[in-house]
Peer 1: 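So that we are looking at the same thing, I have put the structure below in structure tokens.
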Amino acid sequence: MPMLNEAFDFIKLYYTENNLPIDQLEKRLKEVERDIMEYGHYTHTSDELAYGAKVAWRNSNKCIGRLFWQSLQVKDQRAITDEETIYEKLLEHIEFATNNGKIRPTISIFEPEKVRIWNHQLIRYAGYEQEDGSVIGDSDSLTFTKKCIELGWQGEGGQFDVLPLVIQIEDRQPRLFDIPQEYVKEVPLLHPEFDWFADLQLKWYAVPMISSMKLEVGGIAYAAAPFNGWYMGTEIGARNLADEHRYNLLPVVAEKMGLNMSSSSSLWQDRALVELNAAVLYSFKEDGVSIVDHHTAAQQFKRFEANEESANRDVTGNWTWLIPPLSPATTHIFRKPYDNTKKSPIYSYQKTPY
Ligand code: ARG
């Protein structure tokens with residue numbers, strides 16, 4: 001009985017790490033066993049669920065921001081069963097997490113096995129393929145954007161159109177909801193020295209809220225459990241806006257900087273990258289939106305590693321994700337091996353529903 005084993009492991013972890021009395025643990029294990037035998041599943045208490053979501057963050061091998069795992073704000077939304085109310089709760093999540101820029105790491109957890117949110121992130125930009133094969137907007141959103149259009153959404157065809165929320169309950173027809181503008185905090189990008197940077201009219205949204213992953217706790221899979229932290233600058237400046245298959249802005253920035261783009265040994269790509277990343281960090285700070293640079297994030301990760309060691313726990317990690325995409329060798333992470341073993345509770349990928 002796999003669920004029983006996983007349930008027992010998690011309940012034990014919860015009681016042990018929180019120093020709860022052993023007789024209560026035994027009572028809870030009996031109850032969980034009885035529920036699984038009788039119904040094939042059991043129900044987490046709100047406290048168990050909240051702790052499970054936090055430990056799943058602690059176990060996120062790809063995440064450099066894990067120092068703050070205990071501060072996760074957990075919204076238990078398991079009682080909600082209709083699309084409209086889920087939509088309202090998602091808007092609440094966006095508002096609470098955004099907090100006018102002082103971002104709060106937050107997760108909203110919906111009923112397991114029932115609810116799916118089709119979006120990859122609650123707020124993300126659409127991508128439209130042009131006839132010549134080029135893309136306007138975020139090419140990472142191409143397939144999902146098409147789906148939204150099929151379901152009746154009308155995109156404006158711009159570089160930064162916020163996609164609608166798509167919510168599905170069981171095998172019902174998915175429903176689309178627009179996110180009102182006032183919920184979408186965005187940061188226009190400026191550069192601390194280059195005045196021309198503003199003319200590029202770039203921006204990015206304030207809060208990355210992953211909504212496509214499932215949270216697994218003690219044998220129960222929460223398929224709809226959108227969560228967020230705040231951005232590390234390089235996610236935007238060295239990937240989303242820089243990758244050739246995303247916004248591909250290095251040539252644009254290099255050109256404006258007047259760099260010699262005829263030879264890669266002029267390091268025009270590297271120089272453009274640095275300035276693009278400087279613009280991201282500068283603009284978020286100017287606007288009072290939480291963000292962390294990769295050097296600070298690596299230092300915080302070092303503290304996380306030390307904390308875990310004190311608690312006698314092994315830190316697992318995925319080196320290829322933990323190193324920042326900009327100047328990785330300036331961080332201690334670059335020179336350390338990491339064991340990528342997966343531990344439960346865990347956030348993991350799941351099949352796209354479309
Ligand atoms: N890399 C993703 C993006 O650029 C976001 C992933 C989660 N990031 C975070 N800082 N919590 O949109």
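Counting convention: from 1, in listed order, for ligands and their atoms alike.
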Peer 1: If we only count N/O pairs under 3.5 Å, is Trp204 in contact with ligand 1?
Peer 2: no

Peer 1: Using a strict 4.0 Å cut-off to heavy atoms of Asn240, name the atoms of ligand 1 that fall inside it.
Peer 2: 3 (C), 4 (O), 12 (O)

Peer 1: So if I count the atoms of ligand 1 from 1 in the order they appear, which ones are less than 4.0 Å from some heavy atom of Tyr205?
Peer 2: 12 (O)

Peer 1: If you have a sec, work out which protein heavy atom is nearest atom 5 (C) of ligand 1 and how many Å separate them, to one decimal?
Peer 2: Glu235 OE1, 3.2 Å

Peer 1: Would Tyr15 and Tyr51 count as a close aromatic pair, with their ring centres under 6.0 Å?
Peer 2: no

Peer 1: Can you tell which part of Gln121 has a heavy atom less than 4.0 Å from ligand 1: side chain, backbone, both or neither?
Peer 2: side chain

Peer 1: Considering Tyr231, Tyr125, Phe227 one by one, which has a heavy atom nearer to atom 12 (O) of ligand 1 than any of the others?
Peer 2: Tyr231

Peer 1: Testing the 3.5 Å rule here: is there a donor-acceptor pair between the side chains of Tyr183 and Glu92?
Peer 2: no

Peer 1: So if you build clusters from Ile, Leu, Val, Met, Phe, Trp, Tyr with side-chain heavy-atom gaps below 4.5 Å, do Val135 and Leu249 land together?
Peer 2: no

Peer 1: State whether a side-chain donor-acceptor pair under 3.5 Å links Thr234 with His294.
Peer 2: no

Peer 1: Are Tyr125 and Tyr205 close enough that their ring centers fall under 6.0 Å?
Peer 2: yes

Peer 1: Hey, does Asn228 come in under 3.5 Å of ligand 1, counting only N/O atoms on both sides?
Peer 2: no

Peer 1: Between Asp161 and Tyr128, do the side chains contain an N or O donor and an N or O acceptor separated by less than 3.5 Å?
Peer 2: yes

